[in-house]
J.: 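Mind having a look at this structure? Questions to follow.
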Amino acid sequence: MNEENYRALDCLGSQYDKIVRVIEKCVEALKRGGRLIYMGAGTSGMIGWLDALECPPTFGLEPKRVLGLLAGGPDGILHAGVEDHEENGRRDLEKIDLCQDDLVIGLAASGRTPYVIGGLRYASKVGASIAAIVCNENSPISQLCPLTIEALSGPEVLTGSTRLKAGTATKLVCNMISTLSMVELGKVYKNYMVDVQMSNEKLVDRGVRIVCDTTGCSRQEALKTLEKADYHVKCAIVMRMKECSKEEAYALLDKVDGKIDRLLK
């Protein structure tokens, strides 16, 4: 199994250009006020759901800006039949008022899940941007959606169990899309998540360490600055770097689209 797992990574090299294009479309959608919407069934759908759930605490993004639609909702985990109907994909997008500013990414290892096909068809009709991640060549989804990443991870150790290599490859691509999009939006400085939400003890400690590591201050100094910055890590970093007030820090960040590195040029 370990030898086969490496194929989940190796198969992505040929898809580099498409992955870049999807990231670019994601950044464009989020910049114009749209949303990143993953949709899928079974393992694929849960991977998109998980990636969406991680974005608010990690990057400080409003929960409604990145969504994960799972065929059948939470109940769909136990009832696989809900993925067999194209109209379910359309209805789920209608429920969230899909618009042309959004980006819909269909996730389907087989490349032929009706729920995803129905969603992509509706999204295209609405005028939203569409993309997909599949694990088969020349699939119905690839034919429907030109910007389809084909992560060809190959046959599974357990035949047909796409929660294995196919699931790993799909998760790797979703990681790239969400993380690198957030980098482009200024929510990452160096390798630090500077818009992290300090919502629990672990994340409070992480926020303090980020301020310490990026500015060279002591833990006590970091805590004092974070308190003045209303516990916004990025603001606290700029306050220390520029020796300025919270208001001045926000004004500086507004001028550079929230990207700390631009303030240092």
Side-chain angles (χ1 to χ4, degrees), residues 9 19-20 22-38 46-68 103 168 171-265:
L9 178 61
I19 294 171
V20 170
V22 174
I23 292 168
E24 290 172 344
K25 283 189 172 292
C26 183
V27 172
E28 290 169 3
L30 292 171
K31 279 186 174 180
R32 63 177 175 250
R35 298 166 293 180
L36 164 60
I37 302 164
Y38 294 114
M46 287 185 279
I47 288 170
W49 197 6
L50 175 62
D51 200 60
L53 288 173
E54 292 286 356
C55 285
T58 305
F59 301 111
L61 208 65
E62 296 173 9
K64 293 182 179 180
R65 299 296 306 285
V66 181
L67 302 176
L103 166 65
T168 299
K171 181 67 170 74
L172 287 171
V173 178
C174 287
N175 286 349
M176 294 180 207
I177 293 169
S178 59
T179 303
L180 296 178
S181 294
M182 296 304 122
V183 170
E184 287 299 309
L185 292 172
K187 294 184 173 296
V188 175
Y189 171 57
K190 294 184 176 179
N191 65 324
Y192 296 103
M193 49 180 81
V194 293
D195 273 330
V196 64
Q197 296 295 290
M198 299 171 68
S199 54
N200 60 37
E201 188 175 331
K202 178 189 73 174
L203 294 178
V204 168
D205 179 67
R206 180 171 297 161
V208 171
R209 286 188 285 111
I210 290 172
V211 175
C212 291
D213 291 348
T214 55
T215 67
C217 71
S218 68
R219 185 176 181 85
Q220 185 176 10
E221 291 170 329
L223 280 167
K224 286 182 179 179
T225 308
L226 280 164
E227 185 176 355
K228 293 178 181 177
D230 296 329
Y231 295 95
H232 183 188
V233 175
K234 184 189 289 182
C235 179
I237 292 171
V238 175
M239 286 172 67
R240 294 210 62 84
M241 286 181 169
K242 295 296 186 178
E243 298 181 349
C244 64
S245 68
K246 176 182 70 176
E247 292 75 18
E248 291 170 327
Y250 278 123
L252 287 169
L253 286 167
D254 284 343
K255 292 179 180 178
V256 292
D257 296 326
K259 297 184 177 181
I260 294 177
D261 54 344
R262 287 188 185 178
L263 291 175
L264 307 179
K265 292 182 179 179

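Along the sequence shown, residues carry numbers from 1.
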J.: Return each pair, listed once, that meets salt bridge (charged side-chain N to carboxylate O under 4.0 Å, His left out) where at least one residue sits in residues 188-204; pairs must be two or more places apart or across chains.
T.: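 Residue pairs with at least one partner in residues 188-204: Lys187-Asp195, Asp195-Lys234.
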J.: Is any side-chain heavy atom of Ile177 less than 4.5 Å from a side-chain heavy atom of Tyr38?
T.: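 With C-beta onward as the side chain, the pair touches.
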J.: Using the side chain to side chain donor-acceptor pair (under 3.5 Å) rule, collect all pairs that involve residues 175-185, keeping only residues at least two apart or in two chains.
T.: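 Qualifying pairs, neighbours excluded: Asp51-Ser178, Lys171-Asn175.
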J.: Output the distance between atom CG (Leu36) and atom CD1 (Ile23), rounded to the nearest 0.5 Å.
T.: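 Taking CG in Leu36 and CD1 in Ile23, the distance rounds to 11.0 Å.
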J.: Please round to the nearest 0.5 Å and tell me the distance separating atom CZ of Arg65 and atom SG of Cys55.
T.: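 It is 11.0 Å, given to the nearest 0.5 Å.
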J.: Do Leu263 and Tyr189 have side chains that get closer than 4.5 Å, going by heavy atoms?
T.: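 Counting from C-beta outward, Leu263 and Tyr189 never come under 4.5 Å.
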J.: Rounded to the nearest 0.5 Å, what separates atom NZ in Lys224 from atom CD in Gln220?
T.: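 If we round to the nearest 0.5 Å, Lys224:NZ and Gln220:CD are 4.5 Å apart.
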J.: Restricting to non-hydrogen atoms, name the atom on Pro57 and the atom on Leu53 that form the minimum distance, rounded to 0.1 Å.
T.: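 Nearest heavy atoms, Pro57 then Leu53: CD-O, 3.4 Å.
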J.: Kindly indicate whether the side chain of Met182, heavy atoms from C-beta on, has any atom under 4.5 Å from the side chain of Thr58.
T.: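 Side chain of Met182 against side chain of Thr58, heavy atoms only: no contact under 4.5 Å found.
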J.: Going from CD1 on Ile210 to CE on Met193, what distance comes out if it is rounded to the nearest 0.5 angstrom?
T.: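 One finds 6.5 Å between CD1 of Ile210 and CE of Met193.
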J.: Given Met239, which partner from the list Glu247, Lys246, Glu248 fulfils the side-chain contact (heavy atoms from CB on, under 4.5 Å) test?
T.: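 The option that passes is Lys246.
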J.: Considering residues at least two apart in sequence or located in another chain, which fulfil the side chain to side chain donor-acceptor pair (under 3.5 Å) criterion with Lys242?
T.: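 For Lys242, no residue satisfies side chain to side chain donor-acceptor pair (under 3.5 Å) once neighbours in sequence are set aside.
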J.: Can you list every pair that meets salt bridge (charged side-chain N to carboxylate O under 4.0 Å, His left out) and has a residue in residues 204-220, with sequence neighbours left out?
T.: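 Qualifying pairs: Asp205-Arg209, Asp205-Arg219.
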J.: Please give me the minimum heavy-atom distance between Gly68 and Ala52, naming the atom from each residue.
T.: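 Residues Gly68 and Ala52, closest heavy atoms: N-CB, 3.5 Å.
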J.: Nearest heavy-atom pair of Leu67 and Arg35: which atoms, and what distance?
T.: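 Heavy atoms only, the tightest pair is CD1-NH1, 4.0 Å.
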J.: Just how far is it from atom CD1 of Ile237 to atom CD1 of Ile260, taken to the nearest 0.5 Å?
T.: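 Here the interatomic distance stands at 4.0 Å.
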J.: With heavy-atom distances below 4.5 Å as the criterion, would you say the side chains of Val27 and Leu180 are in contact?
T.: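 Answer no - side chains too far apart.
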J.: Are the charged groups of Lys31 and Asp257 less than 4.0 angstrom apart, N to O?
T.: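 Salt bridge: no.
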J.: Is the shortest heavy-atom distance from the side chain of Val211 to the side chain of Cys217 under 4.5 Å?
T.: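 Side chain of Val211 against side chain of Cys217, heavy atoms only: contact under 4.5 Å found.
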J.: Report the residues that fulfil side chain to side chain donor-acceptor pair (under 3.5 Å) with Glu28, sequence neighbours left out, ordered by chain and then residue number.
T.: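 Glu28 satisfies side chain to side chain donor-acceptor pair (under 3.5 Å) with no other residue.
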J.: Out of curiosity, Tyr231 OH to Thr225 OG1, how far, rounded to the nearest 0.5 Å?
T.: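 The OG1 atom of Thr225 is 11.0 Å from OH of Tyr231, to the nearest 0.5 Å.
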J.: Can you find a heavy atom in the side chain of Val238 that is under 4.5 Å from one in the side chain of Tyr250?
T.: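 Counting from C-beta outward, Val238 and Tyr250 never come under 4.5 Å.
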J.: State which residues pass side chain to side chain donor-acceptor pair (under 3.5 Å) with Asp254; sequence neighbours excluded, sorted by chain then number.
T.: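 Once residues adjacent in sequence are excluded, Asp254 has no partner under the side chain to side chain donor-acceptor pair (under 3.5 Å) criterion.
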J.: Taking atom NZ as the centre, does Lys25 end up with more than 12 heavy-atom neighbours from other residues, nucleotides or ligands that are less than 6.0 angstrom away?
T.: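 No - once you tally the heavy atoms of other residues, nucleotides and ligands closer than 6.0 Å, there are 12 at most.
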J.: Side chain to side chain contact (heavy atoms under 4.5 Å, CB included) for Thr215 and Glu221? Distances and angles first, verdict last.
T.: CA-CA 10 Å; Thr215 67; Glu221 291 170 329; over 6 Å; no
